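The analysis underlying the following values was restricted to heavy atoms, covering all of them including side chains, and did not include hydrogens, waters or symmetry mates. The structure presented is a predicted model; accordingly, all values stated were derived computationally and were not measured. Proteins get letters first, then strands, A, B, ... in listed order; numbering begins at 1 in each.
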Amino acid sequence: MLLNPKSEEAYNLFHEGILALSHAEEAGIRVDMDYVNRQCKILDRKMKDLEAEFKESRLFKHWEHVSKGKVNINSDAQLRHFLYDIKKLTPAKLTESGLGSTDEESLVALDVPELLKLIDIKKLKKTRDYLEGYAREQVDGYIHPNFNLHLVKTYRSSSSNPNLQNVPKRDDDQMKTCRGALYPRPGHQFVEIDFKSIEVSISCAYHKDSTMIRYMKNKDSDMHADMAKQIFIIDKIDKSNPTHAILRQSAKNGFVFPEFYGDYYVDCAKIICGWAKLPIGKWTTGMGIELDTSAFTISDHLIAKGINSYKKFESHIEEVEDDFWSSRFGEYADWRKRWWTVYQKYGYIDLLTGFRCSGVMDMKNCVNYPIQGTSFHCLLWSFIQTDKWLRENKMRSRLIGQVHDSMILDIHPDEREMVIAKIKDITCVELPQHWQWINVPLEVDTDIYPVDGSWAEKN
DNA sequence: TGTTCATGG
DNA sequence: TATCCATGAACA
């Protein structure tokens with residue numbers, strides 16, 4: 001990737017940035033190697049047991065028979081051949097190159113119970129890979145993840161050896177096993193500070209859409225709840241109601257974000273149904289998540305509103321999409337068109353932070369790169385100021401890493417409140433003063449871990 | 001070396 | 001015209 005800063009300020013951001021990141025690399029993160037060794041043994045045992053069970057199954061015996069006894073259960077190519085060529089099952093989806101997919105979603109869709117064991121084995125193996133990485137990379141009980149600024153075409157960072165930016169978090173078992181290996185220095189505690197929806201905030205600096213700016217400025221408004229109301233045709237979203245929370249999540253992760261990144265109604269309808277547990281095929285009453293306390297489900301509700309088939313739901317989402325881009329966020333849509341036109345004319349686009357993206361881009365790249373890069377630059381600028389402040393004030397606390405929109409610190413408890421207050425000032429006050437094109441308030445979330453607690457022990 | 005899969009934002 | 005950006009392992 002070619003770094004192309006077009007201003008002294010852009011150059012300086014990365015120059016100071018890589019120095020600050022190198023301080024975090026030098027500090028490193030403590031690894032409990034006894035724990036790593038114990039967990040690896042436990043994982044090995046679980047994988048061995050599952051593999052033995054899998055090899056007892058009729059499915060495996062058939063596989064073994066047709067492959068002349070040379071089955072490699074780690075080979076997706078062999079599994080694909082067996083499932084889709086030999087057993088003639090129909091793949092739920094295809095890969096990029098048009099072959100039958102063997103990812104978790106596709107295997108689950110085949111509804112073959114034995115394959116669930118295979119999925120579990122793969123998951124345990126993946127977990128083990130993280131632990132092996134820590135064992136391989138640790139020096140005197142500390143890992144020193146690299147943070148790179150020269151590898152990503154959007155001008156984000158990346159991390160490697162080991163990668164600190166993709167440590168499991170969503171799956172509780174994987175999260176506990178992997179993050180449970182990593183500790184702060186003795187007597188210290190982890191603190192993570194992350195920007196709330198930074199990409200949405202930064203998108204406002206580019207498109208200046210008045211409706212979206214209102215959403216970001218007004219704490220009582222909630223874009224995702226409003227979309228949930230429109231998508232599911234309900235009057236009100238009460239976030240404290242667990243069912244409503246799922247509907248809001250469906251709207252956020254199945255419609256709003258996919259639309260921002262360039263997806264369209266056909267795929268959005270599918271994702272939303274995944275969240276709401278509605279089938280893509282035939283619809284009847286009594287399907288999907290339950291609304292309220294009765295056995296009244298989301299399908300009952302939608303059918304009562306006239307959406308009595310999946311196809312009708314898809315058309316409904318098409319209308320929601322049309323309204324989303326032509327009415328609700330019309331100024332955002334206009335900006336995307338203008339931005340794409342500029343790229344087609346000049347062959348490049350310039351970020352508000354002074355970096356230039358060029359090379360082959362499609363429209364989605366053109367409208368997403370500047371937002372992704374600039375959002376990270378907000379984190380990087382804050383990281384640099386925090387690093388300077390901690391060093392100038394001879395603090396015992398230090399920055400140890402960064403995950404795109406969050407800073408990770410190893411903090412001495414006596415300094416905790418002062419450090420957190422300073423970082424809140426840097427991120428939410430100093431940063432918008434430094435870059436005056438930031439046109440909505442910025443907010444952060446703070447996660448405080450116990451003293452001497454691992455990265456798995458979030459409160 | 002390219003593809004596919006899994007993990008994160 | 002159909003979700004953006006990464007790293008890393010394993011296989012063919």
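Judged by distance alone, the side chains of Gln230(A) and Arg328(A) do bring a donor and an acceptor atom under 3.5 Å apart.
Ion pairing between Asp172(A) and Lys176(A) holds under the 4.0 Å rule for side-chain N and carboxylate O. With salt bridges taken as basic N to acidic carboxylate O contacts below 4.0 Å, one links Asp226(A) and Lys229(A). Between Lys117(A) and Glu114(A), no side-chain nitrogen of the basic residue sits less than 4.0 Å from a carboxylate oxygen of the acidic one, so the salt-bridge criterion is not met. Look at Lys46(A) and Glu51(A) and you find no salt bridge, because none of the NZ, NE, NH1 or NH2 atoms lies under 4.0 Å from a carboxylate O. Classification of Arg398(A) and Asp410(A) as a salt-bridged pair fails, no side-chain N sitting under 4.0 Å from a carboxylate O.
Asn368(A) places its CG atom 13 Å from the C1' atom of dG9(B), with the value rounded to the nearest Å. If you measure from atom CD of Gln165(A) to atom P of dA6(C), you get 12 Å, rounded to the nearest angstrom. The interatomic distance linking Asn163(A) (CG) with dC5(C) (C1') rounds to 12 Å, in whole Å. One interatomic measurement links the two molecules: CZ of Phe260(A) to C1' of dA2(C), which rounds to 17 Å at whole-angstrom precision. For the pair Glu321(A) CD and dT1(C) P, the interatomic distance rounds to 15 Å; values are reported in whole Å. One atom, CG of Asn146(A), and another, C1' of dG8(C), lie 14 Å apart when rounded to the nearest Å. One interatomic measurement links the two molecules: CG of Asn148(A) to P of dC5(C), which rounds to 18 Å at whole-angstrom precision. Across the protein-nucleic acid pair, Glu132(A) atom CD and dT7(B) atom P stand 16 Å apart, rounded to whole Å.
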If you restrict it to nitrogen or oxygen atoms, what contacts under 3.5 Å exist between nucleotides 4-6 of chain B and the protein, and what is each distance?
| unit_1 | atom_1 | unit_2 | atom_2 | d |
| --- | --- | --- | --- | --- |
| dT4(B) | OP1 | Thr95(A) | OG1 | 2.7 |
| dT4(B) | OP1 | Ser97(A) | OG | 2.4 |
| dC5(B) | OP1 | Ser101(A) | OG | 3.0 |
| dC5(B) | OP1 | Thr102(A) | N | 2.6 |
| dC5(B) | OP1 | Thr102(A) | OG1 | 3.3 |
| dC5(B) | OP1 | Asp103(A) | N | 3.2 |
| dA6(B) | OP1 | Glu104(A) | N | 2.8 |
| dA6(B) | N3 | Lys126(A) | NZ | 3.0 |

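Here Phe255(A) and Phe324(A) bring their ring centres to under 6.0 angstrom of each other. For Trp339(A) and Tyr206(A), the ring centers are positioned less than 6.0 Å apart.
Evaluation of Tyr261(A) against the base of dC4(C) yields a stacking contact (centre distance < 5.5 Å, interplanar angle < 30°).
Listed candidates were dT7(C), dG8(B), dC11(C). Nearest to the side chain of Asn74(A) is dC11(C). If you check dA6(C), dT3(C), dG8(B) against the side chain of Asp267(A), the one that comes closest is dT3(C). Side-chain atoms of Arg156(A) lie closest to dC5(C) of the nucleotides dC5(C), dT7(C), dA12(C). Listed candidates were dA9(C), dT3(C), dG8(B). Nearest to the side chain of Arg136(A) is dA9(C).
Residue contacts shown for Asn365(A) are limited to sugar-phosphate atoms, with no base heavy atom under 4.0 Å away. Residue contacts for Gln78(A): at a heavy-atom cut-off of 4.0 Å it reaches the sugar-phosphate backbone alone, with no base atom in range. Counting non-hydrogen atoms under 4.0 angstrom, Asp263(A) reaches a base of the nucleic acid. Among the protein residues, Val266(A) comes within range of no part of the nucleic acid, since none of its heavy atoms lies under 4.0 Å from any strand. Across all strands shown, Ser159(A) has heavy atoms under 4.0 Å from sugar-phosphate atoms exclusively, and none from any base. Residue-level contact check: Asn72(A) touches the backbone only, with heavy atoms under 4.0 Å from sugar-phosphate atoms and none from bases. Residue contacts shown for Ile198(A) are absent, as no nucleic acid heavy atom lies under 4.0 Å away.
Look at Tyr265(A) and you won't find any side-chain N or O under 4.0 angstrom from OP1 or OP2 of dA2(C). Taking 4.0 angstrom as the limit, Ser75(A) places a side-chain polar atom (N or O) nearer than this to OP1 or OP2 of dA12(C). OP1 or OP2 of dG9(B) lies within a sub-4.0 Å distance of a side-chain N or O belonging to Arg170(A). Contact annotation: Lys169(A) reaches the phosphate of dG9(B) (side-chain N/O to OP1 or OP2, under 4.0 Å).
Ring geometry for His377(A) against Phe14(A) counts as perpendicular: the plane angle is over 60°, on a 0 to 90° scale with 30° as the lower cut.
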